[in-house]
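One structure is given below, encoded as structure tokens.
Quick note: numbers below take in every heavy atom, side chains included, and nothing from hydrogens, waters or symmetry partners. Residue numbers begin at 1 in each chain, while the letters A, B, ... track the order of the sequences.
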Amino acid sequence: MYAEERKKRIKRVLAESKSINVNTLSQLLNVSKVTIRRDLKELDEEGVLIKTHGGAILPDEDLVYLNDRPSYENSEDYDHGLEIIGKIAKLIIDDGASVFLCPGRACEAIATSIREKIKMRVVTTDINVLIALASGDQRCKMTVTIPGGELDHTSLSVSGAITEQMLDTMFFDYAFIDVDGVTIERGYFAETAAKYSTIKKVIDHSNQTIIVCDHSRFDKQSMYHLGDIKSFGKIISTEKIPQKYKEFYFNNNIQLFTTFDVY
Amino acid sequence: MQEVVLELKGIRKIFNKVVALDDVDLVVKKGEVHVILGENGAGKSTLVNVLGGVFQANSGSIFINSKKVTIHNTQQAFALGIYIVFQETNLFDHYSIGENLFIGTILNKRGLRYSIFSRINTKRLIERAQRVLDELGFELDASVKVGKLNFAQKRMVEIARAFSTEARIIVMDEPTSSISQKEKDILYHNFNVLKKRGVSIILVTQLLQDVISVADNITILRDGVKQATFSKDEFETEKVIKWMSGEDYRNRYPKLNTLTNKVVFETKNLNSKILTDINIKLHKGEILGITGLVGSGRSSLAKYIFGYEKFREGSILINQKEVNIKSPSVAMKYGIAYIPDDRAKYGVFKNMSILDNLLSNQIPFLRNILISWSEQRDTLDGHLEMLDIKASSTMDSIEILSEGNKQKVMLLKWLSKDANIFIFDEPTAGIDTTSKVDIYNLMADLLRKGASIILLTSDINELLGLSDRILIMNKGAIIKTLESKDTSIEEIYEYLVKV
């Protein structure tokens, strides 16, 4: 089947079902997943659809913000990196632990990876994380808590005084913090005031804070300062993290996990 | 004040960005035994090699009797009165002990080569050698061919050779690592004889016992940095262990909770010439750390498991089934991978391309027929990129790569196989920090996907940071099993050096 013909069929399928995943398309059209991903990428560039983690959806006015994301964040590499970050996080958390997942795509990936666990308590302020927890094949059996608060429509997360009051009543074994910028000189950053204040509160209420972010966040600074580079002892990032960070973390007794996936 | 015979000032040696010696100072006095103490990789052997002219320091100076000297090779060192007994024995197997004993002096005096012995009265030579050996109290027959001796006896010949020279400074790199207690006592006794003659001895060792028995002064090295110099009266075990071991850095290693209770590999009562009663169990998702000093049998164990050598008795079980690993290719068939410590000797094929190195353990006909060559090359090029291996393509010669990158290529080679039991022997020795971090994360990738690892290392932080359990070996036996989370650097050192 020629590429153009495949693309036509993908459009038709998508028009009927509004969203579709790579696996289904690959079976339906009897071509490899790699080919499907390439087709979806091209159709995405043509503006016909929006490529998502593992599939595609029809463009929708409410979802327009997705297109504002930098191109790396729409790439397969990015999705793959996040998926491995999720798998690594799962192997850090002990059974029975209480876990906070902060707003962000990396924490969404962690949610996807841990949603089948039973003996775990998860707290999140991000509705996307919540959806990720709930969208497994089986019903999510762990205890999930969402603090109340005001919803930010862009990031779909709750924040503010009420949220923080509720976080004050909790304590976590692990808090996963999705940061927006890291530099060796200044440390870690969050992009919005809402994210900053939630994270600050959570750090004070956790035994272990783990930084999760893909390599594109390194050597970038944003407005709200979360702490210097030595303030956190565990980092999970993608394998393309700049070399100087690998060296710096190792020499400063900080644990760095990278997402190698070669075995 | 005793006369200073040797002084090193600010000796610095760098190998591929790795600092092996970091501005090391050393003062050796006439007629003293100066012990250089430190763990594997502390920089001790590098220091010996700088003294022997094998390596040239990047900076710093050497003074002999207050005169600045440069040493380009061992002959030059010898001319300056320095005799070095290296770790590897350096004898001619086909000649007798007697001939070996005097070969250095003969060569130096007459400048002759291999034909020399025909012109020398061998009988008289052997008689003279026998007198030297008897004087030293070594129970060796000077007429026996060196090839018939065991390793410990060869060491004794080397030592006798050092003692029979006119050297004023004798440097010995771990002479006691593989000899018996009785031989050690003889050695220590002879140190005293030499001292009286005004000869200075630099004894490089990992063992506290050596220090306590013979040292006048002690210098401790760690990570290429001098930690302390003090006299034997100032010796305190606790302090010394602290200096040797350094800070606890175990938290920096990417350790995941992958351990399960399923036993995938087991040895039962393995015995061989070197090993005694080795019983180990390896679980799925586990890193089993094994450490021990030079000569503890650690590396031999790896070679036995991988089928390089045969056991005298005992059995190996993989997934609860007994197997007969009679060669490396059988080991590979059972899913065992071995990443050796000596990349130059066992792992890397120097004159081949990166690609050929990567494919060197694939079965040839499979490689040619089943695997689409170019497709595989693309994947491998992708892997190289991911691992930050700086080469324009897999067709480049492997020699252009740094040690760290060579090690990553070695690893990749095994990743394309169906191995699930990985034996790593000193995986990060002598490689740069970023490559280390990559290798640790590659190990984490293996474990995440259900593999198990046997990690042989002398880096105690690495051992503590990565292992679930730690086995300590000495003289071919496992002398202690520790749970990583319940132990400390100090405890491991106590088992290691207090033997």
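Although no hydrogens or angles enter the test, the distance criterion places a donor-acceptor pair under 3.5 Å between the side chain of B/Asn441 and the main chain of A/Leu256.
Taken to the nearest 0.5 Å, the CZ atom of B/Arg448 stands 10.5 Å off from the CZ atom of A/Phe257. Here the CG-NZ distance, from A/Asp261 to B/Lys449, works out to 3.5 Å after rounding to the nearest 0.5 Å. Distance CZ/A/Phe250 to CG/B/Asp432: 11.0 Å, rounded to 0.5 Å. Between the CZ atom of B/Arg250 and the CD atom of A/Gln255 there is a distance of 12.0 Å, given to the nearest 0.5 Å. Between the CG atom in B/Asp438 and the CD1 atom in A/Ile241 there is a gap of 10.0 Å [rounded to 0.5 Å]. For the atom pair OG1 (B/Thr434) and NZ (A/Lys246), the distance works out to 6.0 Å, reported to the nearest 0.5 Å.
Atom NZ of B/Lys284 has 12 or fewer heavy atoms from other residues, nucleotides or ligands within 6.0 Å. Atom CG of B/Asp486 sits in a crowded spot, with more than 12 heavy atoms from other residues, nucleotides or ligands closer than 6.0 Å. Counted within 6.0 Å of CD on A/Gln138, heavy atoms from surrounding residues, nucleotides or ligands total 12 or fewer; the atom is thus considered open. Heavy atoms of other residues, nucleotides or ligands lying less than 6.0 angstrom from NZ of B/Lys242 number 12 at most. Other residues, nucleotides and ligands place no more than 12 heavy atoms under 6.0 Å from the NZ atom of A/Lys41. Residue A/Lys220 places its NZ atom among more than 12 non-hydrogen atoms of other residues, nucleotides or ligands, all under 6.0 Å distant.
Proximity to chain A (any heavy atom under 4.5 Å) is restricted, for B/Asp248, to the backbone atoms N, CA, C and O. Both the backbone and the side chain of B/Lys255 come within contact range of chain A, judged by heavy atoms closer than 4.5 Å.
Contacts between residues 89-96 of chain A and chain B, defined by a heavy-atom separation under 4.5 Å, are made by A/Leu91, A/Ile92, A/Ile93, A/Asp94.
For B/Glu491, there are no salt bridge (Lys or Arg N to Asp or Glu O under 4.0 Å) partners, not counting sequence neighbours.
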